[in-house]
Amino acid sequence: MKRLGIVWFRNDLRLHDNELLAWAHANNDYVNHMHCFDPRQITDKTYKCDFVKCDKYRLKFLIETIENLNTSLISNGSGLLTYRDTPENVFKQLIQQYKDKFEISIGFHQEVTQEETDVEKAIRQLARDNNVHVKEFWTTTLYHPDDLPYNNPKAFPDVFTQFRVALEKQNVRPRSLTNIPDKFKPLPDGSIVTFIPALADYGYSNVTVHSSSVFPFTGGESSALAHLHSYIWEKNLAKSYKQTRNSLTGCENSTKFSPWLANGSLSPRKICVELKKYENEQGAADAGYWIIFELLWRDFFKFTALKYGARLFYGRGLKSNPYDWKHDLQQFEAWRTGTTGVPFVDANMREFMNTGWMSNRGRQNVASFLTKDLSIDWRYGAVWFESILIDHDVCSNYGNWVYVAGIGNDPRENRHFNMIKQAFDYDSSGEFVRTWCPELARLPNEYIHTPWLAPSHILKDAAVELGVNYPRPIIVVPQWNQQSQNWRTSLQNQHHTQQRGIDFYFKKPEKRH
Ligand SMILES: Cc1cc2nc3c(=O)[nH]c(=O)nc-3n(C[C@H](O)[C@H](O)[C@H](O)COP(=O)(O)OP(=O)(O)OC[C@H]3O[C@@H](n4cnc5c(N)ncnc54)[C@H](O)[C@@H]3O)c2cc1C
């Protein structure tokens, strides 16, 4: 009997560095590639607040990614079957269709979190019931879990630095890249031509990129690789990453790799290989160090999710004691819609709602504001992020949320961002706030981040009417006004020196690899 391999594409939507693809084409006579637009991941509602799980920005990016993958497969003499259905239903049909003609194997990359692993369990069961082989792979992280110096996920450390130092000490390296198959095996006869859904099929029309978006890129492996090449080789941006990564504006500061990494159209190992090559060829030792450092954070949150399972979604996060969160829907709505009256928060939230993107600095601040200043349930914020983020990744999103909310694996207790200090440190010119809160554009720098402190004649000159065309703040933390006073004094004295705020993801390591 001839062998048929079915490649189930999940968050590994690429040809490069794809072990599953290499296995399928090396070990079968025919290969079917399939992807499911699983309604449970797209149109179903989030477990809190009832937001659609995948709103228009990420959906657009996903559709572009699938179109690109299909084109690449077609150019290799194959193609991609897509379904607007669950993998469980699709595999049932495919097994029925082919089981008398072929010896079938299903291959997939493993995921980490519960909803995804539940589907894997169902597919394994279906395969067992039908005498179908299953082959599983791991692709999402820079480091393979089997190479870590821990013999089981429960032994994984809770502190990032311990993880990083252990890798360095034991000289653990990412695995080499897997080559794209030389020759693609044909699709089996009778493969049904399927159509990739359009945004309109989900009720969205005219989803355009906002003119101020810092993420103007399209989805798909081709644009991922082009962007990677441009960032590292053409624009030499890796060299300046450490200085620019916290910028709130511009598309050439932090790498913007995350949306492609999240759906697997870009391999983290590929990034690492290119950075190392760049360092060697350009004699720029350590140029890629800090980007790889951040990719380690990504791995850290994946392995943390593997360790803690469903606890990542609990109100108390990874802690043992229950946490008394507030559920003030009016305040949450103000946060969500960028109408808190705190310009730095509002600008970030409006950028987010209009583009699907927010900088890491912005994410840390708005998450801290929601959970530490308003004491609102972190899960409300996390599900809003899940719905809107173009780069949503369950482990990075929920892992970072519990971290910032103080119920994750932050070794420092009670870390709390001062919104106004952060605003002055990272948007000292007010450019970012003026972009997203144009009603404040004419305020002078002294008051751009604290309009409630501006004298009435200044508000009048700037055409700002608090409570009318811009909200009064829903909260004022006492330290903010002092911070603002310091800022005005320093502006008057022309002595403003940029001091960085809390930068907790960016502690200098003791030793470099
Ligand atoms: C509340 C909150 C929610 C977040 N949700 C997500 C999410 O759903 N998906 C996501 O990819 N990132 C998430 N992050 C992490 C981080 O904000 C983004 O990865 C980063 O902003 C993406 O921009 P970049 O690609 O330009 O990052 P760069 O600064 O260029 O970093 C390079 C890569 O390193 C990884 N990385 C950087 N910082 C982190 C971090 N703190 N945690 C995990 N990985 C990191 C990303 O893959 C990123 O692409 C979240 C952070 C916070 C505070």
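What you are looking at is a predicted structure, and each value in this text was computed from that prediction instead of being measured. In listed order, ligands and their atoms are each counted from 1.
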Asker: Output yes when Glu64 and Lys60 qualify as a salt bridge under the 4.0 Å nitrogen-oxygen rule, no when they do not.
Answerer: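 Judged by the 4.0 Å cut-off on N to carboxylate O distance, Glu64 and Lys60 do form a salt bridge.
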Asker: Could you say whether the N/O atoms of Arg245 and ligand 1 ever approach to under 3.5 Å?
Answerer: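 Arg245 vs ligand 1: no N/O contact under 3.5 Å.
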Asker: Walk me through it: do Glu120 and Arg10 pass the test salt bridge (Lys or Arg N to Asp or Glu O under 4.0 Å)?
Answerer: CA-CA 11 Å; Glu120 290 171 15; Arg10 305 174 84 196; 2.6 Å; yes
Asker: Should the proximity of Glu294 to ligand 1, defined as any heavy atom under 4.0 Å, be assigned to the side chain, the backbone, both, or neither?
Answerer: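 Both backbone and side chain.
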Asker: Quick one: which ligand 1 atoms are inside 4.0 Å of a heavy atom on Leu261?
Answerer: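 Heavy-atom distances to Leu261 below 4.0 Å select 47 (O), 49 (O).
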Asker: Within the 4.0 Å heavy-atom shell around His392, which atoms of ligand 1 are there?
Answerer: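 So the atoms of ligand 1 that pass are 8 (O).
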Asker: Asp410 vs Arg415, test: salt bridge (Lys or Arg N to Asp or Glu O under 4.0 Å). Steps then yes/no.
Answerer: CA-CA 9 Å; Asp410 182 356; Arg415 208 186 287 268; 2.6 Å; yes
Asker: Are Arg316 and Trp325 in a cation-pi contact, defined as NZ or CZ under 6.0 Å from the six-membered ring centre and within 45° of the axis?
Answerer: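 No - Arg316 does not lie over the ring of Trp325 by the 6.0 Å and 45° rule.
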Asker: Which ligand 1 atoms are under 4.0 Å away from a heavy-atom of Ser258?
Answerer: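 Those qualifying, in numeric order: 11 (O), 22 (C), 23 (O), 25 (O), 49 (O).
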Asker: Only heavy atoms of Leu295, strictly under 4.0 Å: list the atoms of ligand 1 that pass.
Answerer: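 Once the distances to Leu295 are compared, the set is 33 (C), 34 (O).
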Asker: Does Arg336 make a cation-pi contact with Tyr380 (under 6.0 Å, within 45 degrees of the axis)?
Answerer: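 Judged by the rule (NZ or CZ under 6.0 Å from the ring centre, within 45° of its axis), Arg336 is not positioned above Tyr380.
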Asker: Please state which part of Asn360 comes within less than 4.0 Å of ligand 1, counting heavy atoms only: side chain, backbone, both or neither.
Answerer: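 Under 4.0 Å from ligand 1, Asn360 contributes backbone and side-chain atoms.
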Asker: If you count the atoms of ligand 1 from 1 in the order shown, which ones are under 4.0 Å from a heavy atom of Phe301?
Answerer: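 Answer, ordered by atom number: 42 (N), 43 (C).
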Asker: Is Asn400 in polar range of ligand 1, meaning some N or O pair under 3.5 Å apart?
Answerer: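 Yes - when backbone and side-chain N and O of Asn400 are compared with those of ligand 1, one distance drops under 3.5 Å.
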Asker: Is Ile291 in polar range of ligand 1, meaning some N or O pair under 3.5 Å apart?
Answerer: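 Not met; the criterion fails.
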Asker: Looking at Lys256, which atoms of ligand 1 are within less than 4.0 Å of one of its heavy atoms?
Answerer: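 Here the atoms of ligand 1 in question are 24 (P), 25 (O), 26 (O).
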Asker: For ligand 1, does Tyr241 get within less than 4.0 Å through its side chain, its backbone, both, or neither, judged by non-hydrogen atoms?
Answerer: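 Tyr241 to ligand 1: side-chain contact only, backbone stays beyond 4.0 Å.
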Asker: Relative to the heavy atoms of Trp357, which atoms of ligand 1 are at a distance of less than 4.0 Å?
Answerer: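 Those qualifying, in numeric order: 22 (C), 23 (O).
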Asker: Applying side-chain hydrogen bond (donor to acceptor under 3.5 Å, both in side chains), which residue pairs with at least one partner in residues 147-157 are found, sequence neighbours left out?
Answerer: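 Passing the test, one end in residues 147-157: Asp147-Arg175.
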Asker: Could you check whether the rings of Trp297 and Tyr403 sit parallel, tilted or perpendicular, using 30° and 60° as the cut-offs?
Answerer: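 Plane angle over 60°, so perpendicular.
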Asker: Do the charged groups of Arg40 and Glu115 touch, with an N to O distance under 4.0 Å?
Answerer: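 Here Arg40 does not pair with Glu115 in a salt bridge, since their nearest N and O are not under 4.0 Å apart.
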Asker: Ion pair present between Arg269 and Asp17, side-chain N to carboxylate O less than 4.0 angstrom?
Answerer: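 Salt bridge: yes.
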Asker: Distance under 4.0 Å to a non-hydrogen atom of Asp393: what atoms of ligand 1 satisfy this?
Answerer: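 So the atoms of ligand 1 that pass are 7 (C), 8 (O), 9 (N).
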Asker: Please say which of Phe432, Trp487, Trp480 ends up in a ring pair (Phe, Tyr, Trp, His ring centres under 6.0 Å) with Phe424.
Answerer: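 Considering Phe432, Trp487, Trp480, a ring pair (Phe, Tyr, Trp, His ring centres under 6.0 Å) with Phe424 is found only for Trp487.
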Asker: Would one find an N or O of Thr255, backbone or side chain, under 3.5 Å from an N or O of ligand 1?
Answerer: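 Right, the criterion is met.
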